[in-house]
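Shown next, in structure tokens, is the structure this report addresses.
Chain letters run A, B, ... following the sequence lines, proteins first, then strands; residues in each count from 1. Here the structure is a predicted model, which means the values were calculated and not measured.
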Amino acid sequence: MAKEKPDFGNEEVRLKYRHTTSHILAQAVKKLWPEAKLAIGPAIADGFYYDFDLEHKFTDQDLNKITKEMKRITKAGLPLERFELPREEALAFMKEQDEPYKVELINDLPEDEIISFYKQGDFTDLCAGPHMEKTSQIKAIKLTSVAGAYWRGDSDRKMLQRIYGTCFPSQEELDEYLAKIEEAKKRDHRKIGKEMDLFALYDEGPGFPFFMPNGMIIRNELENFWREEHRKRGYEEIKTPLILNEQLWHTSGHWDHYQDNMYFTKIDGEDYAIKPMNCPGAMLAYERKLHSYRDLPIRMGELGQVHRHELSGALHGLMRVRTFTQDDAHIFMLPEQTKDEIKGVIDFIDYVYSLFGFKYHIELSTRPDDSMGSPEEWDRAETALREAMEEKGLEFVINEGDGAFYGPKLDFHLEDSLGRTWQCGTIQLDFQMPQRFDITYIGPDGEKHRPVMIHRVIFGSIERFIGILIEHFAGKFPLWLAPVQVKLLTVTEKFAGYAEKTAERLREAGLRVELDIRNEKIGYKLREARNERCSYIGVIGEREAEAGTLTVRSSKAGELGEMPVSEFEAKLLKEIKDKAV
RNA sequence: GCUGGCAUAGCUCAGCUGGUAGAGCAGCUGAUUUGUAAUCAGCAGGUCGGGGGUUCAAUUCCCUCUGCCAGCUCCA
């Protein structure tokens, strides 16, 4: 029975397979360290893990030892047998086994839940299942790492040891997976950022990235694009200060709800804060004058640099930093304009992400524990976001309790090279700030009314977005973003004159051109130019100098052969104009 | 912040159980004038992340701080 290879294309089968392997991991650990206490061990996206509470710290050698024991268990071909117990017996059983975490899990199960166990050989685990029939169905196992993880994901609880692993129905598939991970690591934006000299982080400023000339090119192009697209969509742009006085942050609610993430300073003995968000500044900008209902919606954009105190362990290249620039905007509108504005922003985000070929998923983050405002206001805001999504026919997952303290939000998540997702775009609906700042517009009735407000970003943070771009394109950026669009290489120094003239012409046309007229072999210069990920390489020798041509190679399309400079120039300008990827 | 690991030249890395450091690439100098992924030679480059301790002697052992990596927590 069930001797055929499991269908790994089927998610249920895959999860079942890996869940069974996590039980085998637990069995092996219990065999080697009987005093280990079992927590939980689910299957996850690319594998599985199991959490243990154990005095002994697992080492890499231990992982090898455990793997050996796991292989012994799979060879033994133990059947997995399910059985159920009434609540009291289940508790007694786990108490007898001295598994306090399992006891806690059982205690927290709903009254009417059937409590089931799976037994393989001398090992039994509390588990809802399902599982494979026999341990021998598990073929290729790799334990990948050990890391700390809080019991029940609660940082106030004990930290356990988590062993991560993965498994496949064949060694070939496992090897293929591991090779893919190795490949993906080469796309790491921290590595490419260093290789292409885009940005740098120094011990002098952990989480405070420096942008180098090549990185600034990408950044400036993105910002130019951002301004142009916002202009088209009826946004105006402002810039608000980095430092504002303490009182403002009391008014906004940041003092009460966001203080742990803020930096503070004193000026002339008065308390000031460095802004962690741009909204309070935008509120002041809005209320500088009276607004008529005819003026709404007002879409006020700002490339606003914020500073947030992130925990040191959370920092990650450009993806998670302590200062970043949000491509922020605050939309002030009539209540009845809410849904259309939300839809407009959804379309805007989709337009930008699609331009780069990004895949993304959307989450609706709801009311957090520490929030401002009434449940009714939150319901109203969540409903508006939900309905806008539903009317657009878009799928989303609910991220319970992850909203901002002032309102719920739609989060747009992009993937890095290893498939980790990062929140980039977000649309947040806010009924709180308008009240707190008492901002108004004059309605048709001549009375003051309260506008509704949206906070939204498209890139999210320029820094994080650049990180995602680097990994997505592995440094081979679309031409319009590429730091070096063209590099001209001479075969010998004799052709330096023609090369310089050509470079001058292309620069004149607006292209970013570098020139390599060094006295080196063409193969050497070519190799260097390719390593620098120049978009186009133009080789210039005797033939080209005579014919007024270039021999062109594209970083994406390979050899393109010889072409007239005019044709080359037109081709590149079109590619830039089209923002081709 | 927490758990574990790591920190040697600009970069990538060697350096067994303690005896004050080495390679490749990059850089500089010279020669080579070259047609699609590395021409040759020479030179220079490091108080071995910071501080403290043990020792006759510490890059190596211990403590501590800082930073980095993976994960957790948190989040754009």
* Structure fact -> Judged by nearest nucleotide, the residue sitting upstream toward the 5' end of RNA chain B, A:Glu528 or A:Lys57, is A:Lys57
* Separation of A:Glu520 atom CD from B:rG35 atom C1', in whole Å? -> 15 Å
* **B:rC68 OP1/OP2 closer than 4.0 Å to side-chain N/O of A:His316** => no
* To do: Grab the CG-C1' distance between A:Leu311 and B:rC75 for me, whole Å please.
  => 10 Å
* To do: Compare the ring of A:Tyr524 with the six-membered ring in the base of B:rA37 and state whether they stack (centres under 5.5 Å, planes under 30°).
  => no
* What distance, rounded to whole Å, do you find between the two P atoms, one in B:rG10 and one in B:rU47? -> 8 Å
* To do: Begin with the C-alpha distance, continue with both residues' side-chain angles, and end with the deciding distance and a verdict on side-chain hydrogen bond (donor to acceptor under 3.5 Å, both in side chains) for A:Tyr498 and A:Glu544.
  => CA-CA 9 Å; A:Tyr498 174 70; A:Glu544 293 83 358; over 6 Å; no
* Asked: Within less than 4.0 Å of OP1 or OP2 of B:rC72, is there a side-chain N or O belonging to A:Arg152?
  -> no
* Asked: Partner of B:rC48 by Watson-Crick or G-U wobble geometry, both contacts under 3.5 Å, or none?
  -> none
* Asked: Going by modelled atom types, is there a donor-acceptor pair between the base of B:rG71 and the side chain of A:Tyr150 at under 3.5 Å?
  -> no
* Whole-Å distance separating the CZ atom of A:Phe324 from the P atom of B:rC74 -> 17 Å
* **Counter-base of B:rA41, judged by Watson-Crick or G-U geometry with both distances under 3.5 Å** => B:rU29
* Does a side-chain N or O from A:Lys191 land closer than 4.0 Å to OP1 or OP2 of B:rC11, or not? -> no
* Examine B:rA37: is either OP1 or OP2 under 4.0 Å from a nitrogen or oxygen in the side chain of A:Lys521? Give yes or no. => no
* Does the B:rG35 base have a donor-acceptor partner in the side chain of A:Glu562 within less than 3.5 Å? -> no
* Asked: How many Å lie between CH2 on A:Trp151 and C1' on B:rU73, as a whole number?
  -> 16 Å
* How long is the line joining CG of A:Asp51 and P of B:rU73, in whole Å? -> 10 Å
* Asked: Quick one: is A:Arg420 getting a side-chain N or O under 4.0 Å of the B:rA70 phosphate, OP1 or OP2?
  -> yes
* Position toward the 5' end of RNA chain B (nearest nucleotide), A:Glu493 or A:Phe58 -> A:Phe58
* Scan A:Lys180, A:Lys186, A:Lys185 and name whichever one has a salt bridge (Lys or Arg N to Asp or Glu O under 4.0 Å) with A:Glu183. => A:Lys186
* B:rA70 phosphate, OP1 or OP2, under 4.0 Å from A:Arg190 side-chain N/O -> yes
* Would you call A:Glu302 and A:Lys275 a salt bridge, using N to O less than 4.0 angstrom? -> yes
* Taking atom types as modelled, is there a side-chain donor on A:Tyr360 or A:Asp350 under 3.5 Å from an acceptor on the other? -> yes
* For B:rU17, the Watson-Crick or wobble counterpart (both distances under 3.5 Å) -> none
* Could you check whether A:Asn531 gets within reach of a base, just the sugar-phosphate, or nothing at all, counting any heavy atom under 4.0 Å? => base
* Structure fact -> If pairing means Watson-Crick or G-U wobble with both distances under 3.5 Å, then the partner of B:rA57 is none
* Can you tell me the distance, in whole Å, between the CZ atom of A:Arg162 and the C1' atom of B:rG4? => 14 Å
* Ion pair check, A:Lys525 and A:Glu528, cut-off under 4.0 Å -> no
* For B:rU3, which nucleotide in any strand shown is its Watson-Crick or wobble partner with both distances under 3.5 Å? -> B:rA70
* Run the side-chain hydrogen bond (donor to acceptor under 3.5 Å, both in side chains) check on A:Glu400 and A:Thr366 step by step: do they pass? -> CA-CA 5 Å; A:Glu400 214 65 65; A:Thr366 60; 2.9 Å; yes
* Check whether the side chain of A:Gln161 and the base of B:rU3 form a donor-acceptor pair under 3.5 Å. => no
* To do: Kindly indicate, with the supporting measurements, whether the criterion ring-ring contact (aromatic ring centres under 6.0 Å, His included) is fulfilled by A:Phe264 and A:Trp255.
  => CA-CA 11 Å; A:Phe264 298 93; A:Trp255 188 267; 5.4 Å; yes
* Structure fact -> A:Arg157 atom CZ is separated from B:rU73 atom P, nearest whole Å, by 14 Å
* Asked: Separation of A:Trp422 atom CH2 from B:rC74 atom P, in whole Å?
  -> 14 Å
* To do: Could you tell me whether the phosphate oxygens of B:rC2, OP1 or OP2, come under 4.0 Å of any side-chain nitrogen or oxygen in A:Ser155?
  => no
